Protein chains: 2
Amino acid sequence: MDMEQAKIPQATAKRLPLYYRFLNNLHSQGKLRVSSKELSEAVKVDSATIRRDFSYFGALGKKGYGYNVEYLLSFFRKTLDQDETTRVALIGVGNLGTAFLNYNFTKNNNTKIEIAFDANQERVGTEVGGVRVEHIDQLEEKIGDLSVAILTVPASAAQGITDRLVEAGVSGILNFTPARINVPSHIRVHHIDLAIELQALVYFLKHYPLNEPETEEDQ
Amino acid sequence: MDMEQAKIPQATAKRLPLYYRFLNNLHSQGKLRVSSKELSEAVKVDSATIRRDFSYFGALGKKGYGYNVEYLLSFFRKTLDQDETTRVALIGVGNLGTAFLNYNFTKNNNTKIEIAFDANQERVGTEVGGVRVEHIDQLEEKIGDLSVAILTVPASAAQGITDRLVEAGVSGILNFTPARINVPSHIRVHHIDLAIELQALVYFLKHYPLNEPETEEDQ
DNA sequence: TTAAGTATGTGAAAACTTTAACGACTTCTG
DNA sequence: CAGAAGTCGTTAAAGTTTTCACATACTTAA
Ligand SMILES: NC(=O)c1ccc[n+]([C@@H]2O[C@H](COP(=O)([O-])OP(=O)(O)OC[C@H]3O[C@@H](n4cnc5c(N)ncnc54)[C@H](O)[C@@H]3O)[C@@H](O)[C@H]2O)c1
Ligand SMILES: NC(=O)c1ccc[n+]([C@@H]2O[C@H](COP(=O)([O-])OP(=O)(O)OC[C@H]3O[C@@H](n4cnc5c(N)ncnc54)[C@H](O)[C@@H]3O)[C@@H](O)[C@H]2O)c1
């Protein structure tokens, strides 16, 4: 548990993977250096915010020059522990679960779904996206030492499965169900609530009008 | 454009759909009233925050009593424009797009995907989750007056499709691609970046340890 | 060498968000 | 009906995040 760096603001921490991805892009394009201004345009985060974010880790750049892409990339690779693959479990191989299993998170992320569980006998024993689907009854036996789970079961099953995941040693859950699950205080749950995101977008559109309605040519 | 209510904090606005959903649940359960404390336990938002959020809309509750579920529900139904169905388009009927098409957002949300587009001829003409899939070449002709789009195409296609959506009159985009798209300033884009959410969860687990490692019985 | 140009890192301010605390009023109980 | 209990709405404080603005230091090119 790397504690030497503990008070990076949460808002900053959430942006790190985004920076990392775009640095990877720049690197693949052969770019050797980048300024906070350029990065700002790419990731759509204010350049002062980017400089501030980076500064929490020390002086990563050089005045008058910007940041060395290779150096920054390798710094973030370490910071984000991208040298070791993070292995996760997925529970609920339905519509959403299947989509995730078919997606290669390892691409620029070094995270891999290792095993999946479902209650539906027809799914059990098959492979989806190269991942074996086990029966949910075998959760405790087969989950091994995985500490992160993606939850894509029906809302009604969410709390029960969560309790079992916690008991089985999982410490982080990415919850896609609409249920707000109860967990002991040492377990971290992140909610991704797609229906709410959609509804919020619609609300903002109606109630938070942006600038100019239109003027023929923009952007 | 309902302007009478314009300075509700964004953080509050984002929680409204969550409140609305849980009020619906309570209502189905036949509950007549609810306190900010009960609601707090259900949605996992501090009760003071809930009271503060509600207070932006006036005095919705009664001291010593709490909130009347039916009243609150109908208030939020109006506030969130849930009386009219919001119709949206989906672009990219792949793994993720298919999952969304098979999901019934209308359940407690009154949002409906009306039409889908894809570049793959084999998909065009089929129905997925009851939604007709059209060819992307027909986007401009068939999108009609829809003003919200869900973007689930490959990242490489994201900017091109976005430009066409904007030109076709769409004003809100829910972007699931890892691309950070450019839009004129009057267009609203919300990003849902699943790979980043997963990576951020992993980062938080490693670097932001929560309380007690464990003590046998919790929660 | 020097001058012009560039871009960082950060102090300070501003903006936004959450949380604590409590007076005021309502409901409940006996 | 009176006192106890409950709960809101809000003032004020604390905490978090973003943004401004600039001294400083490096780069570039002549
Ligand atoms: N599909 C979407 O677009 C979408 C959108 C928003 C929210 N969600 C939420 O995501 C979750 C999954 O959605 P979905 O569309 O994939 O649903 P789904 O019904 O397609 O898939 C659920 C899967 O979980 C399995 N399952 C059921 N009970 C189980 C249990 N006890 N243990 C293990 N597996 C079990 C089912 O067999 C099924 O394969 C739901 O909670 C849903 O509300 C989905
Ligand atoms: N599946 C996941 O779990 C997941 C996770 C994170 C991010 N994403 C992102 O979501 C997006 C979609 O992912 P996916 O897994 O569904 O991909 P996918 O390849 O399964 O689906 C993409 C679909 O878009 C269609 N398409 C391609 N070009 C098009 C165009 N110009 N116009 C219209 N349609 C076009 C393809 O025919 C295909 O059906 C991608 O950008 C991906 O990076 C997906």
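Keep in mind that this is a model prediction, so the values were computed, not measured. Basis for what follows: all heavy atoms, side chains included, without hydrogens, waters or symmetry-related copies. By convention in this document, chain letters (A, B, ...) are assigned in the order of the sequence lines, proteins followed by strands, and residues within each chain are numbered from 1.
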Sequence neighbours excluded - ring pair (Phe, Tyr, Trp, His ring centres under 6.0 Å) pairs with any residue from residues 149-170 of chain B: none

Within residues 146-160 of chain A or reaching into it, pairs that qualify as side chain to side chain donor-acceptor pair (under 3.5 Å) - sequence neighbours excluded: Gln159(A)-Asp163(A)

Any donor-acceptor pair under 3.5 Å from Thr177(A) side chain to Ala158(A) backbone: no

Sugar-phosphate, base or nothing in reach of Ser36(A), heavy atoms under 4.0 Å: sugar-phosphate

Please tabulate, for the side chains in residues 38-50 of chain A, all donor-acceptor contacts under 3.5 angstrom to protein atoms that are two or more places apart in sequence or on a different chain.
from: Glu38(A); atom 1: OE1; to: Ser35(A); atom 2: N; distance (Å): 3.0
from: Glu38(A); atom 1: OE1; to: Ser35(A); atom 2: OG; distance (Å): 3.4
from: Glu38(A); atom 1: OE2; to: Lys31(A); atom 2: NZ; distance (Å): 2.4
from: Ser40(A); atom 1: OG; to: Val45(A); atom 2: O; distance (Å): 2.7
from: Lys44(A); atom 1: NZ; to: Glu41(A); atom 2: O; distance (Å): 3.4
from: Lys44(A); atom 1: NZ; to: Asn182(B); atom 2: OD1; distance (Å): 2.1
from: Asp46(A); atom 1: OD1; to: Ala48(A); atom 2: N; distance (Å): 2.8

Whole-Å gap separating P (dT7(D)) and CG (Leu39(B)): 13 Å

Distance in angstrom units between Gln10(A) CD and dT17(D) C1', rounded: 12 Å

Contacting residues from residues 62-74 of chain A, given that a heavy atom lies under 4.0 angstrom of DNA chain D: Lys62(A), Lys63(A), Gly64(A), Tyr65(A)

Salt bridge (Lys or Arg N to Asp or Glu O under 4.0 Å) contacts touching residues 180-190 of chain A (sequence neighbours left out): Arg180(A)-Asp193(A)

Report, one line per pair, each donor and acceptor closer than 3.5 Å where one atom sits in a side chain of residues 60-72 of chain B; sequence neighbours left out.
from: Asn68(B); atom 1: OD1; to: Glu70(B); atom 2: N; distance (Å): 3.0
from: Asn68(B); atom 1: OD1; to: Tyr71(B); atom 2: N; distance (Å): 2.8

Donor on one side chain, acceptor on other, Asn102(A) and Asn95(B), under 3.5 Å: yes

Nucleic acid contacts - residues 18-31 of chain B versus DNA chain D, non-hydrogen atoms under 4.0 Å: none

Span of DNA chain C, from the first to the last nucleotide whose atoms fall under 4.0 Å of chain A heavy atoms: dT6(C) to dA12(C)

DNA chain C contacts among residues 44-53 of chain A, heavy-atom distance under 4.0 Å: Arg51(A), Arg52(A)

Salt bridge (Lys or Arg N to Asp or Glu O under 4.0 Å) pairs, two or more places apart, involving residues 93-111 of chain B: none

Residues which pass ring-ring contact (aromatic ring centres under 6.0 Å, His included) with Phe176(B), listed by chain and number, not counting sequence neighbours: Phe100(B)

Pairs involving residues 48-60 of chain B, ordered by first then second residue, that meet salt bridge (Lys or Arg N to Asp or Glu O under 4.0 Å) (sequence neighbours left out): Arg15(B)-Asp53(B)

